[in-house]
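To start, the structure itself, in structure tokens.
Counting starts at 1 for both ligands and their atoms, in listed order.
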Amino acid sequence: MKAIYPGTFDPITYGHLNILEKAARMFDEVILAVADYTAKQNYFSLQERYHLCLEASRHINNVKVMTFSGLVVDFAKAQDCKIMIRGLRAVSDFEYELSLALTNIKLSGDIETVFMVPSLRYMYLSSSMIRQLAVLGGDLHDFVPPHVADALQQRMKGRENGQK
Ligand code: ADP
């Protein structure tokens, strides 16, 4: 069976990868779907997020990285996927994830959301925390793969030099 793991991945972290690795052991194929439109103001562009995800998931054979725009349920249907994976961290994720899952059921009754819990060490890891850590010059290596840490550091340098 095929599953889709959608998100912003801005940028991808070891928390996302922990969920992805678990999902890849449970399903025949997992599509890591990088969202174009999100309500958040993205730090990395869609193409940058896509490439960071591609490199980060290279070691998992049954993962395919794709980008999508529009509704995730429409994209899942177009890919013939009936299972959507979402990660659940501490209590704070629950309400948002539940309302998202219920909205998606309303939009498309055939797609089921499967929640997966990360290993304890990733429970409090989020992309927004990583971005803040990067701004403050913290060590990123326990939280994101080396190429993501490099991309964040390059982006910081660019900002210091006045680039966008
Ligand atoms: P979105 O903008 O759709 O919430 P994210 O890229 O922030 O996308 O996250 C994608 C999914 O991965 C969400 O279900 C989120 O809860 C989950 N996730 C993010 N970080 C972690 C983590 N450290 N452990 C487990 N799940 C996570």
Heavy-atom gap D93 to ligand 1 smaller than 4.0 Å: yes
Geometric class of the Y122/Y14 ring pair [parallel <30°, tilted 30-60°, perpendicular >60°]: tilted
For I19, atoms of ligand 1 separated by under 4.0 Å from a heavy atom: 25 (C), 26 (N)
Set of residues satisfying side chain to side chain donor-acceptor pair (under 3.5 Å) with respect to Q79, sequence neighbours excluded: none
Donor + acceptor pair across side chains of N18, S119 (<3.5 Å): yes
Side chain, backbone, both or neither: the part of M116 lying under 4.0 Å from ligand 1 by heavy atom: neither
Test item: R155 side-chain N/O and Y43 main-chain N/O as donor-acceptor pair under 3.5 Å: yes
Heavy-atom proximity to atom 10 (C) of ligand 1, best of S127, G15, P6, A33: P6
Contact (N/O only, under 3.5 Å) between S126 and ligand 1: no
H16 side chain to T13 backbone, donor-acceptor under 3.5 Å: yes
Working for side-chain contact (heavy atoms from CB on, under 4.5 Å), residues I83 and M1: CA-CA 8 Å; I83 304 284; M1 198 185 276; 3.6 Å; yes
Heavy atoms from other residues, nucleotides or ligands near CG of D110 exceed 12 (cutoff 6.0 Å): yes
Heteroatom distance test (L125, ligand 1): nitrogen or oxygen, under 3.5 angstrom: yes
G87, any N or O under 3.5 Å of ligand 1 N or O: yes
Heavy-atom nearest option to atom 15 (C) of ligand 1, drawn from R89, M123, M129: R89
N42 (side chain) donor-acceptor with D10 (main chain) under 3.5 angstrom: no
L136, CG atom: more than 12 neighbouring heavy atoms under 6.0 Å: yes
Heteroatom distance test (R86, ligand 1): nitrogen or oxygen, under 3.5 angstrom: yes
Y5 touching ligand 1 at heavy-atom level, < 4.0 angstrom: yes
Residue E97 vicinity, atoms of ligand 1 by number, heavy atom under 4.0 Å: 13 (C), 14 (O), 15 (C), 16 (O)
V34, I130, T8: member with heavy atom nearest to atom 8 (O) of ligand 1: T8
N or O contact, F9 vs ligand 1, cut-off under 3.5 Å: yes
Per-atom contacts, ligand 1 versus P118 - under 4.0 Å to a heavy atom: 24 (N), 25 (C)
